K.L.:
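I am attaching a structure below and will ask some questions about it afterwards.
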Amino acid sequence: GSITLHPDPHVIRGVRLEVFRPDSAGHRELAELSRAAHAAAARDDRTALAEGEAELDRRAGDAWGLTRADQSAIAAALRASGRRRRSESE
């Protein structure tokens, strides 16, 4: 048999996520970076997508108060896990 995990919404309570605020310059920047990354993915522009993903990671990490060392460690752990970004897919 197999085990299927269905995350319970309560796990979000442990993550520091703010509600989107249109009056926040930081929130608007993240939204614009996300739109640009989605547009790059739609046109299969892997270079622009990779750059957009990296910038989104940096900005989100900054918003969460992560140091660059923290952000690098997270990126390394994701690479070691075998998870790939869309920009890295074949």
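What you are looking at is a predicted structure, and each value in this text was computed from that prediction instead of being measured. Only heavy atoms go into these numbers, but all of them, side chains included; no hydrogens, no water, no symmetry mates.
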K.L.:
Do side-chain atoms of Asp70 reach the backbone of Thr67 as a donor and acceptor pair under 3.5 angstrom?
P.N.:
yes
K.L.:
For Gln71 and Arg58, which heavy atoms make the closest approach, and how far apart are they?
P.N.:
OE1-CA, 3.3 Å
K.L.:
Are Trp64 and Leu78 connected in a single hydrophobic cluster, I mean Ile/Leu/Val/Met/Phe/Trp/Tyr linked by side-chain heavy atoms less than 4.5 Å apart?
P.N.:
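Hydrophobic grouping puts Leu78 with Trp64.
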K.L.:
Hey, is Glu32 close enough to Arg28 for a salt bridge, meaning N to O under 4.0 Å?
P.N.:
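The answer is no: the pair does not qualify as a salt bridge.
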K.L.:
How many angstroms lie between CD in Glu53 and OG in Ser34, if you round to the nearest 0.5 Å?
P.N.:
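Answer for the CD-OG pair, Glu53 versus Ser34, is 10.5 Å.
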K.L.:
What distance do Glu55 atom CD and Leu30 atom CG have between them, rounded to the nearest 0.5 Å?
P.N.:
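Spacing of CD (Glu55) from CG (Leu30) equals 9.5 Å.
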K.L.:
Are any of the side-chain heavy atoms of His38 and Leu49 separated by less than 4.5 Å?
P.N.:
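With C-beta onward as the side chain, the pair stays apart.
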K.L.:
Return the minimal non-hydrogen interatomic distance between His27 and Val19, and the atom names on each side.
P.N.:
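Result for this residue pair: CE1-O, 3.3 Å.
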